[in-house]
Number of protein chains: 2
Amino acid sequence: MKVTISDVAKMAGVSTATVSHTINNTRYVSSETKDKVYQAISELGYTPDASARSFRTGKKKTIGFIVPDISNKFFATMIESVETYLSQQGYHLIIANTKENEEREEVNIRLLSAGLVDGLLIASTMDSAEKFESLIPAGFPVVLVDRTFDSKNFSSLCVSNFQPIYRSVCRLAGKGDHKIGIIGGLPRLSTTKERISAYQQAVTDCGLTVDDNLIRYGNSLENSAADCLDDLLDQHCDAIIATNGLMASDTIMYLHKKGLQLAKDIDLVCFVDFNSSFFQMYSNQIDSIVQPVEELGAAAGEQILKRVEDPEAPIFEKVLTSAYRPYNLPNSWNHSDR
Amino acid sequence: MKVTISDVAKMAGVSTATVSHTINNTRYVSSETKDKVYQAISELGYTPDASARSFRTGKKKTIGFIVPDISNKFFATMIESVETYLSQQGYHLIIANTKENEEREEVNIRLLSAGLVDGLLIASTMDSAEKFESLIPAGFPVVLVDRTFDSKNFSSLCVSNFQPIYRSVCRLAGKGDHKIGIIGGLPRLSTTKERISAYQQAVTDCGLTVDDNLIRYGNSLENSAADCLDDLLDQHCDAIIATNGLMASDTIMYLHKKGLQLAKDIDLVCFVDFNSSFFQMYSNQIDSIVQPVEELGAAAGEQILKRVEDPEAPIFEKVLTSAYRPYNLPNSWNHSDR
DNA sequence: GTCAAAAACGTTTGCGTAAACGTTTTGTTA
DNA sequence: TAACAAAACGTTTACGCAAACGTTTTTGAC
């Protein structure tokens, strides 16, 4: 039989209220009584029932994280840092994996917001902000991470996509590259849009011409990195920018296969996975853009808990800065520059 | 205000029981009544309260997964396949990351088993089976994944560690390698023990001598792959076996840096991450061992749900087989041989 | 010794749901 | 048209806990 709070109360010779208050430190209990209660608790092996507790209080001590792709190192690392932060604060983390599928995201938002979690962290794969917003119950704590929407109706934590791309284009142009290709992610995502527009603006500003044939969108589903690269190499690119870790590693592999030497036959700029030995291996042949995933995760955890505690808190937006690490430069550049 | 089942009942002109039965298909309800109920539900925007429901039924429709390292691709992929299976069955997944820390594992087992989840999937980092067992409440559904204990008191799903290592040692010995080094993971883990003992037995069986100087244990915390490799190269190894994805990629990087050519200066056998383009790049220079992570995850999900439904079910154990892919062999080998 | 305030604890209720148990309605057969 | 089964729904309770509300006991100031 399950041990309940009243079993404990009976054994300790006190009321259930006293047991509850003892456990939760919600009102004064004399230390003798506390001792009796704890004694009874350990003797009976009592553990408060989490369901009953959250039923009563309305708090689940759980945050949901809706992620587009768990096996992507970027999100895996982020999950790790979110979980680290939340568990320190006594919260749990529920993961939902949408696989960049809008329906899956919809289903998961519905399920999780229906009393399963206190708040939701979402890296949305949705195209339409309106659709997205219609799914979120009024007043439900939500923080957008990595990806955001134009209509700023939710708190968000993102990474600056503009600056590193802009700078790398300028650097490539400065080195004499004229045909700079870029591989973006899913076109509907805010991250992709920002990256592409940074690219376009930089290309213009550097006196080159924007050529749509040099812009390709890759993803693991339909349009692989190899497909994009086939196109880009047809255009005789002298530089390529790969805007996420998956595309980047596939690009390196592909260029290897084609027998092209990095930094010699072709310049490469990569969004690089945090702490990945694969990319470390190429750090002296490619320009790396390292996103501050761990900071992002911790900040996201912090923000969602703030909103859970005060759902009426003002909308918070923060854009973290990526580290831009061109190869072949003095170390001071590589490390201090963010 | 929150919409409850009785609001729906009132609006539909039926009892709460009928609403409940309609939602849950737990007894016959005429289709006209059903229509009225669904009508009221959508009009009010009613969603059943998950806390109240799980409080009432005792079921949380949630499984916990205690993982030693989320950002390790092996576990990230496994989380993905577990989540895929569970979400198909209407279950959610809570992740706890122990970072190979026994105390963190203990805390998480306690928290999660106290009414937060219906069952627990655990890739334990614990040394002592007794300690581990003492943490699991009697009758609580648990399935061990990837790592197991000698005392077979829990269902488990593992990957055969013996066979691929044994075969690769034999292959290396057959090629004429005499000094075969191996880098294991944390010595306390069952996986490490199995891998090392497979290595030792194969070395003996192939007529070589077991030399403890050729056995090193690496991990991301204290003893890096580089440390292990420094030792092994001092011993003039002509082959190295890296027994997990992290060690393997670090090893490749390290050997590169040292200017050693794979398959020429030194033979390399790697436990390789599923679908990793990094390892694909080396598939013609290293012998690969690919663990069936996705199968493992799905099977783990299946088993834990079986136990949740019937906690008295007999203990189930399964060992999945890794794909062993020596390089330089006809394609038929590479794909069909598992 | 009186009295008020503070300290220390008890009684009771209600959260939203599922299901046990019970009732009414409908249809069918003799 | 009684008799009864089956169909279709309603009433009520209990789950375990936290907290609102209430009571008793202790303390110490006069």
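Reminder, nothing fancy here: chain letters follow the sequence lines and each chain counts from 1. On a predicted model such as this, the values are computed, not experimentally measured, just so you know.
Checking Thr125(A) against Glu100(A) by side-chain atom types alone, a donor-acceptor pair falls below 3.5 Å. Between the side chains of Thr77(B) and Glu294(B), no donor-acceptor pair of N or O atoms lies under 3.5 Å. Side-chain contact annotation: Glu80(B) with Ser71(A), donor-acceptor N/O pair under 3.5 Å present.
Put simply, CZ on Phe55(A) is 15 Å from P on dA14(D), counting in whole angstrom units. Atom-to-atom, CG of Asn24(B) to C1' of dG16(C) comes out at 13 Å; the value is rounded to the nearest Å. Distance Asp49(A) CG to dC17(D) P: 6 Å, rounded to the nearest Å. Rounded to whole Å, atom P of dA8(D) lies 14 Å from atom CG of Asp35(B). In this structure, Ile5(A) atom CD1 and dA19(D) atom P are separated by 11 Å, rounded to whole Å. One can place CG of Asn25(A) at 15 Å from C1' of dA19(D), the figure rounded to the nearest angstrom. When rounded to the nearest whole Å, the span between NZ of Lys10(A) and P of dG16(D) equals 12 Å.
The number of heavy-atom neighbours closer than 6.0 Å to CG of Asp150(B), taken from other residues, nucleotides and ligands shown, is 12 or below.
Proximity of the aromatic rings of Phe154(B) and Phe132(B) is defined here by a centroid distance below 6.0 angstrom, and this criterion is met.
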* Using a 4.0 Å heavy-atom cut-off, write out nucleotides 9-14 of chain C from 5' to 3' as B (base contacted by protein), S (sugar-phosphate only) or - (no contact). => BBBB-B

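Backbone-only engagement by Thr57(A) is indicated by non-hydrogen atom pairs under 4.0 Å involving sugar-phosphate atoms exclusively.
Checking Ala52(B) against Ile23(A), the closest nucleotide of DNA chain D that is more toward the 5' end is the one next to Ala52(B).
Atom CG of residue Leu121(B) and atom OG of residue Ser124(B) lie 12.5 Å apart, to the nearest 0.5 angstrom.
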